[in-house]
Asker: 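I have a structure I would like to understand better, so I am pasting it below and will then ask my questions one at a time.
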Amino acid sequence: WIDIEQMEGNMYDAMRDAIISSKVVVSCLTGQYDKSDNCKRELSYAAGLRKPSKTIVPIRLDEGPFTWSELITAGNIYIDFNNVPIAEWDTKIKALVKEIRAAIKLADENAASTETSASTTSTNEASSITLPDLPELKAWLKPEGLEMENDIVEVFRKQFPGTRDWLYSKIMDFSNNDNEAVFWTKGVAGVGKSVVSAVARNRLETAGKLGGYFFCKHNNVNRNKPQRIIVTLSYHLAQRFPEFANAINALRMAESDFLEKANVDVYFEKLIVDPLKKVTPRNRRNVVVVIDALDECGVISSRERKALIKLIADWKDVPSFVKLLFTSRPESDIQNILNGVFKAHEIDLNNKSQRQDLLLFSTSKVRQLQDRMGVTMEEADDYAKQLAAKANGLFIWLALAMEEICHEDCDSLAVLKRYLAEETDPANNDLQMDRMYISSLKRVTDGKLSTFVESLAKILAAIVVVCTPVSDDALAKLFGTTLSDVRTKLSLVRSLLNISDNAIQVIHKSFADFLQSPTRCTDPQFLIDIPATNLFLASRCLDSMNTSLLFNIGGYDVKDPGSKPTKDVPEHLAYSSKYWISHLMTSDLTSIPTDIESSLETFTFTHALHWIEVLSLTDSLPVAQVHLARFLPNIKNERITALLQDVSRFVNEFRTPIAESAIHVYYSALTMCPEDTALFKEYARRYKDVMHRVVVGKDTSWSSCLATFEGHNGPVNGVDLWVSEDKETSWIASTSRDNTIRLWDAFTGVEIHQFKVHSEGVTCVVFSKDGGFIATSSFDGSIMLWDIET
């Protein structure tokens, strides 16, 4: 159907019924279609059902841009109706009719060759999906969405036709092999692992075998945490399997705060393993989940990263119809746990197939320059062969070299010969990339004023250090400069960056590693001082908030407590509000500089409640609950400390109404805030027209109980508290008659781990001085010593 008037009743039911009852789905793609969540849900649903009895025929009605829709429909023949002259209209229509007829024939043939029982199962399964629940699950899980999709599209476009087919063939064979559960692709920086993941993801999607995907990103806090991988894969699997979706929905209804309380192990058990066990045998179809750049997730040797790697090592616990494909660098912690568990498919720099792929890419590019360089075809092929050999297996090196060689303003032959004359060391690929990066930076800075170079270096440092990538507009506002100034500087180093409308990122993690290493980045102008850059960004975030924060920034109707926001939070302000504390905490401060303390004082006594509004509007309230509490010991100013302590407690106490609506910061929370607190005394007089009057029952001070930890199924017998010397980490261990020992994060209340070995109730627990061990005793007559790390 097309006509909106035919969409009676529930829209999601209409989508589902239309797709289920069709043999062919004609997808009319436009830029607006690509932006629509409902359209994405509809087309993804169709793609999930198109094997074996459905086919998608895509047509393009304008120039896009196309992101996720391009991935879903890749491999299909497009009929392009964009700017079609009237005289060619009939020809296009005939081509479309031909594709539809061919698709119907193929759908009939596929359906006929499928066993009747399987066909019935597919229909029943599709009909049992409760699409209206998916938006609610998405709102609860908050999976990665458009930003990650856009990144995948950019990486996918870097593939060169004909390359890596040898590896993709292995991956597709793996997807059909019932005896192999995990496919690990390993390789050093620069060999093109992410391109492999993006193309494999697309081919698995086309084959109807994609279960889910996650592309890790070292410089993005939303994509470098193990929990983010799990919730995103969980949502993707919920879209695929109806019983899985129902199980997740049941968890959401039973434990709405589960995502705030659970650790990585429990996430994996409750959001992946247990729901998959609910999928009935008749609905189980082999699918593959894809995780790219595992090495970019978490901090090396951190508890969460170790937990994630161990979960991957135990993938055998996942029902066998869900397979795992992941890529990583050969990092020591990953290899120590996974070597011997899985066979790694290594992209070897000296692999014959890898070298042939490089030659294919190089030959194609150099031949396009044959006329401009004034050489024969044989000479062009010889240059291409030499250049491919010079790359020593590194796709990223060859791609950067070809980008400069192909630049329209350069002498292509001279630049090519310069690369061929450079010394390279096949045994040291880091050194080869370092020379490429140094050369690229030198070319754009030669002859420039030192102030210009310093400004450019500062922008590059910010791009590397920011907690999550930002747009050029947000970057300009954070720097307090013009958008044209930022764009001018970025244009000079464009070959080293990935620039989109939404984010600016370094082209490759190896470039970020280079800029942060004193032994590799030999140009002191571009060597990033991480603590100094964090301090600079923290200062700019505070200045940005003091300039831009204001009352009712969401544009609510202040007379209606049930009203909805009418304005979006500007990107630079959302970033500043979320991450100013993170930047200050990672700046290695021994004391807060005078200028930052002055900005912090203005923020505290003028904009603290405006800040909470922004955190509510951006689903970031834990910043005030957890990060602020951890930051407070660094503040020496007692007035600031007292009020910010109240701010953290304020959000803890009134999180529910504040999370529901930012305007309830004033309507409900400030109204009920104890009157003797510094926060109430400072802010109540300003917003008395928005607050309600409480006649009786209001507290005058905060309760002495700071937090309640719940989870044990029996009486609690023992508790111990451990705090690290730097006050950054605080754990609580508890024992109970339910036979368990539980480890908790004292700041967040999140259960970190359960120890279940004692056969009877556990009587007491104590930490070692360094927090590395706990000792427990039990009614079973035993004393046990536990290594917390393992």
Side-chain angles (χ1 to χ4, degrees), residues 147 219-220 440-507 511-512 515-516 521 523-550 553 567-584 586-587 593-596 598-600 602-603 606-607 610-611 614 618:
E147 180 188 326
N219 62 337
N220 188 329
S440 298
L441 292 172
K442 188 174 185 302
R443 284 196 307 275
V444 302
T445 56
D446 276 351
K448 299 291 192 303
L449 294 174
S450 60
T451 53
F452 179 92
V453 176
E454 181 182 348
S455 177
L456 174 61
K458 214 163 195 175
I459 290 174
L460 281 177
I463 291 170
V464 170
V465 174
V466 287
C467 296
T468 188
V470 297
S471 67
D472 52 6
D473 181 63
L475 196 61
K477 287 183 170 66
L478 282 173
F479 269 73
T481 186
T482 63
L483 179 59
S484 61
D485 178 54
V486 169
R487 285 180 173 173
T488 297
K489 292 183 172 69
L490 293 179
S491 67
L492 298 175
V493 289
R494 188 176 185 89
S495 64
L496 300 173
L497 303 172
N498 283 327
I499 302 176
S500 67
D501 292 338
N502 302 314
I504 304 167
Q505 305 173 69
V506 293
I507 191 172
F511 183 43
L515 290 172
Q516 297 174 73
C521 183
D523 187 342
Q525 297 177 103
F526 287 98
L527 178 62
I528 298 176
D529 183 331
I530 299 296
T533 303
N534 273 302
L535 189 60
F536 168 76
L537 287 172
S539 175
R540 293 304 310 155
C541 286
L542 282 167
D543 289 347
S544 175
M545 290 191 295
N546 287 336
T547 301
S548 303
L549 283 172
L550 47 83
I553 197 167
K567 298 178 182 177
D568 293 328
V569 178
E571 182 189 359
H572 74 286
L573 184 57
Y575 181 90
S576 298
S577 298
K578 289 181 185 180
Y579 300 119
W580 68 273
I581 297 174
S582 296
H583 286 304
L584 272 177
T586 49
S587 61
T594 304
D595 60 331
I596 290 185
S598 176
S599 296
L600 184 57
T602 300
F603 164 79
T606 306
H607 298 296
H610 305 155
W611 175 56
V614 171
T618 57

Asker: Can you measure from CD1 (Ile581) to CG (Leu600) and round to the nearest 0.5 angstrom?
Answerer: 9.0 Å
Asker: Taking the side chain from Ser598 and the backbone from Thr594, do they hold a donor-acceptor pair closer than 3.5 Å?
Answerer: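 Judged by distance alone, no pair lies under 3.5 Å.
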Asker: When you measure from the side chain of Glu571 to the backbone of Ser471, do you find a donor-acceptor pair of N or O atoms at a distance under 3.5 Å?
Answerer: yes
Asker: I need the Glu454 CD to Leu456 CG distance, nearest 0.5 Å.
Answerer: 11.0 Å
Asker: Could you pull out the closest heavy-atom pair between Gln516 and Ile530, with the gap in Å?
Answerer: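 Minimum heavy-atom separation between Gln516 and Ile530: OE1-CD1, 3.3 Å.
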Asker: Is Asp485 atom CG crowded by more than 12 heavy atoms from other residues, nucleotides or ligands, each under 6.0 Å away?
Answerer: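 Yes, CG of Asp485 has more than 12 neighbouring heavy atoms, counting only those of other groups under 6.0 Å.
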Asker: Show your working on side chain to side chain contact (heavy atoms under 4.5 Å, CB included) between Tyr579 and Val466 and close with a plain yes or no.
Answerer: CA-CA 9 Å; Tyr579 300 119; Val466 287; over 6 Å; no
Asker: How many angstroms lie between atom CG of Asp473 and atom CG of Leu483, to the nearest 0.5 angstrom?
Answerer: 5.5 Å
Asker: Looking at Ile553 and Lys567, what are the two nearest heavy atoms and their distance?
Answerer: O-CB, 3.7 Å
Asker: Between Trp580 and Trp611, what is the ring plane arrangement, given parallel below 30°, perpendicular above 60°, and tilted in between?
Answerer: perpendicular
Asker: Would the distance check show the side chain of Ser539 and the main-chain N or O of Leu535 forming a donor-acceptor pair, the cut-off being under 3.5 Å?
Answerer: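 Pair absent, no side-chain N/O of Ser539 close to backbone of Leu535.
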Asker: Under a plain distance cut-off of 3.5 Å, with no hydrogens placed, do Asn220 and Glu147 share a side-chain donor-acceptor pair?
Answerer: yes
Asker: Considering the options Asn498, Ile499, Val493, which one meets the side chain to side chain contact (heavy atoms under 4.5 Å, CB included) requirement together with Ile507?
Answerer: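 Filter result, single survivor: Asn498.
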Asker: Cation-pi check for Phe479 against Lys458: NZ or CZ below 6.0 Å from the six-membered ring centre and within 45 degrees of the axis, yes or no?
Answerer: no
Asker: Can you confirm whether Arg443 is buried at CZ, in the sense that more than 12 heavy atoms of other residues, nucleotides or ligands lie under 6.0 Å from that atom?
Answerer: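 Yes, because the 6.0 Å sphere around CZ of Arg443 holds more than 12 heavy atoms from other groups.
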Asker: Using the side chain to side chain contact (heavy atoms under 4.5 Å, CB included) rule, take Leu492 and Lys448 through it: C-alpha gap first, then chi angles, then the decisive distance, then the call.
Answerer: CA-CA 11 Å; Leu492 298 175; Lys448 299 291 192 303; 4.3 Å; yes
Asker: Roughly how far, to the nearest 0.5 Å, is the CG atom of Leu475 from the CD1 atom of Ile459?
Answerer: 6.0 Å
Asker: Taking it one step at a time, do Val470 and His572 satisfy side chain to side chain contact (heavy atoms under 4.5 Å, CB included)?
Answerer: CA-CA 8 Å; Val470 297; His572 74 286; over 6 Å; no
Asker: Would a 4.5 Å heavy-atom cut-off, applied to side chains only, mark Val465 and Phe536 as touching?
Answerer: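 A side-chain contact is absent here, since even the closest heavy-atom pair is not under 4.5 Å.
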Asker: Which heavy-atom pair separates Leu478 from Ser576 by the least distance, and what is that distance?
Answerer: CD2-OG, 3.3 Å
Asker: Give me the atom names and distance for the closest heavy-atom approach of Val569 to Ala574.
Answerer: CG1-N, 3.8 Å
Asker: Would you mind reporting whether Met545 and Leu573 have side-chain heavy atoms less than 4.5 Å apart?
Answerer: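 Touching, per the 4.5 Å side-chain cut-off.
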Asker: Asn219 and Pro469: which non-hydrogen atoms are nearest, and at how many Å?
Answerer: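 Heavy atoms of Asn219 and Pro469 come nearest at O-CD, 3.5 Å.
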Asker: With a 4.5 Å cut-off on side-chain heavy atoms, are Val453 and Phe526 touching?
Answerer: yes
Asker: Hey, does Leu490 have a side-chain heavy atom less than 4.5 Å from the side chain of Ile463?
Answerer: yes
Asker: Taking atom NE2 of His583 and atom SG of Cys467, what is their separation to the nearest 0.5 Å?
Answerer: 4.0 Å
Asker: Got a second to check how far Leu496's CG is from Ser440's OG, nearest 0.5 Å?
Answerer: 5.0 Å
Asker: Looking only at heavy atoms, which two atoms of Ala461 and Ile528 are closest? And how far apart?
Answerer: CA-CD1, 3.6 Å
Asker: Just by modelled atom types, is the Ser484 backbone N or O under 3.5 Å from a matching donor or acceptor in the Thr488 side chain?
Answerer: yes
Asker: For Asp523 and Lys442: C-alpha separation, side-chain torsions, deciding distance, then whether side chain to side chain contact (heavy atoms under 4.5 Å, CB included) applies.
Answerer: CA-CA 9 Å; Asp523 187 342; Lys442 188 174 185 302; over 6 Å; no
Asker: Per the side chain to side chain contact (heavy atoms under 4.5 Å, CB included) rule, which among Asn534, Ile596, Leu537 passes with Leu584?
Answerer: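 Option passing the side chain to side chain contact (heavy atoms under 4.5 Å, CB included) with Leu584: Ile596.
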